[in-house]
Amino acid sequence: MSGEQWVYKHDDDRLLDELPKWDNRDRDQWIGDFLCGWRPVSEYRHREYIDPTFGPSPDDYVSSEGTNGLFSQAFIDVIAPYMEPSFSLLPATLNGQPFYFLRHEGSVDCLDYENSDVEVLGDEYGEDAGKLMPIKRYSFHTEQLQRPLVFGLPGYCGYIFWTKPLVDICTEAGLTGVRFVSIEQINKHRGWTPPVGRTDE
């Protein structure tokens, strides 16, 4: 079965301006190492972000360069029951409010490799062997995706994926700042998210 009914959360094209100490020049604290599970949580240093364009009440989801975004406490309250086995939380602060990154801890091995357009790195890549290159077409084995779930794929930190039942829960909760895009639309754009306002092309 193809993956057109499964959707994932997409950055809304606004990038959070980070404070200078978190501008990725400090390799020891590169956020991707923590979010992909390559560095232990014990070495993570709390981020405090300021974005005056949001005022005292930021959206429930805010995109942040080099990450899959920041999620408000309200957003986490909604999705917390559905994050295992894929994600845990890394805390941050945005304009004085608690926010969180989703850190890859596990995955759901549901990608249909035969019907997807994906390259898996071989043994010649050493410790990167088994990781997935950017995926140009997604197809899923959906047996594990019939319930509310936010999930990651083995060897892949590119996107966070959401099942339709969880999207419905998030929509009903009225969360702000978030846009969900179907896998069918992603596949039409060869693995990339369509620009805001062009999801039907």
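For clarity, every value in this text was computed on a predicted model and none was experimentally measured.
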Any Leu89 side-chain heavy atom under 4.5 Å of Met83 side chain: yes
Nearest non-hydrogen partners of Leu149 and Gln144, listed with the distance: CD2-O, 4.0 Å
Test item: Asn187 side-chain N/O and Tyr138 main-chain N/O as donor-acceptor pair under 3.5 Å: yes
Heavy-atom side-chain contact between Leu102 and Ile76 under 4.5 Å: yes
Flag, side chain of Arg147 to backbone of Pro165, donor-acceptor distance under 3.5 Å: no
Side-chain donor/acceptor of Ser72 to backbone N/O of Phe75, under 3.5 Å: yes
For the student: nearest non-hydrogen atoms of Pro58 and Leu94, plus distance: CB-CD2, 3.7 Å
Closest approach of Arg39 to Arg103 (non-hydrogen atoms, all atoms of both residues): O-NH1, 2.8 Å
Sole residue of Trp38, Phe87, Phe34 in ring-ring contact (aromatic ring centres under 6.0 Å, His included) with His104: Phe87
Contact summary for Ser86 and Ser107, nearest pair of heavy atoms: OG-CA, 3.6 Å
Test item: Leu175 and Tyr61 side chains (from C-beta on) under 4.5 Å apart, heavy atoms: no
Within-4.5 Å side-chain heavy-atom neighbours: Thr163 and Tyr82: no
Verdict with reasoning, Cys170 to Ile79, per side-chain contact (heavy atoms from CB on, under 4.5 Å): CA-CA 8 Å; Cys170 292; Ile79 68 172; 3.8 Å; yes
Neighbour count >12 (heavy atoms, 6.0 Å) for atom CD, Gln73: yes
Residue pair Cys110 / Leu145, side-chain heavy-atom distance below 4.5 Å: yes
Between Phe161 and Phe140, ring centroids under 6.0 Å: yes
Sidechain-backbone polar pair: Tyr44 side chain, Pro91 backbone, donor-acceptor under 3.5 Å: yes
Flag side-chain contact, heavy atom, 4.5 Å: Val108 against Pro85: yes
Closest heavy-atom pair and its distance - Ser116, Ser139: OG-N, 2.9 Å
Worked check of side-chain contact (heavy atoms from CB on, under 4.5 Å) between Leu35 and Asn68: CA-CA 9 Å; Leu35 298 184; Asn68 281 312; over 6 Å; no
Contact check, side chains of Ile135 and Leu153, non-hydrogen atoms, under 4.5 Å: yes
Heavy-atom side-chain contact between Ile160 and Val150 under 4.5 Å: yes
Donor-acceptor pair, side chain of Asp60 and main chain of Thr176, under 3.5 angstrom: yes
